[in-house]
Amino acid sequence: KDKLAYACDVLSSVFGAINVAFESETFNSLITDAGKRLENEIPRLVSELRKINPDAKIYFQTVYNPYKDINLSLQDVEEKLDLDTHGERAVAKLNAPIEALAEENGYEIVPVWQEFDRSNKTLANAGISLITASISFDPHPNARGHELIAEIYYGIISEAKND
């Protein structure tokens, strides 16, 4: 009983620390700054590409939430872990300039965020395993995620070839 109570307290502390980190001014400032950098860099990048090839088709993909559906609420653990919500807030700030600048800068958006969000499959390496009692924060796509990204690009590029 004492070991279980201790484990619940430790988990609550860990979940609380993760929530505090994602809700901190430091993290929010980093994400906001990254969005502002994108807002400044996208037009510059497009301009540089247009200098090299004025007729190039340019694509920018949206950023997916690697923590989609990763939420954990355990009996007797006071804190909940809601990585999905934290991830959505962050990617929304990163995707806003990508989406807002597309028409003005003449590039096409590759809707990776939207397609990952629609999928009911696990597409990133991040996850929680109760079997191994581990949490992975690895945001990279897994094999299925890479496959979906390739399919999205293939569809858009194939459609562009037919135009």
- Message: Does atom CD (Glu48) have a neighbourhood of more than 12 heavy atoms from anything else shown, all under 6.0 Å?
- Response: yes
- Query: Counting only heavy atoms not in Glu78, do more than 12 fall under 6.0 Å of its CD?
  - Reply: no
Under 3.5 Å: donor-acceptor pair, side chain of [X], backbone of [Y]:
{"X": "Ser12", "Y": "Val77", "answer": "no"}
{"X": "Asp76", "Y": "Ala5", "answer": "no"}
{"X": "Asp82", "Y": "Asn71", "answer": "no"}
{"X": "Asn19", "Y": "Lys80", "answer": "yes"}

- Decide whether Ile109 and Ile42 are clustered together by the hydrophobic rule: side chain heavy atoms of Ile, Leu, Val, Met, Phe, Trp, Tyr closer than 4.5 Å, transitively. yes
- Would Trp113 and Ile58 show up in the same hydrophobic cluster when neighbours are defined by side-chain heavy atoms closer than 4.5 Å? yes
- Which distance, rounded to the nearest 0.5 Å, do you find between the CD1 of Ile157 and the CD of Glu159? 11.5 Å
- Query: Under 3.5 Å, is there a donor-acceptor pair between the Glu99 and Thr62 side chains?
  - Reply: no
- Task: For residues 69-101, pull every pair meeting ring-ring contact (aromatic ring centres under 6.0 Å, His included), keeping only residues two or more places apart or in separate chains.
- Result: Phe22-His86
- Message: Filter on ring-ring contact (aromatic ring centres under 6.0 Å, His included), then keep only pairs touching residues 115-147, sequence neighbours left out; what's left?
- Response: Tyr64-Phe116
- Query: Are side-chain heavy atoms of Lys68 and Leu123 found at a separation under 4.5 Å?
  - Reply: no
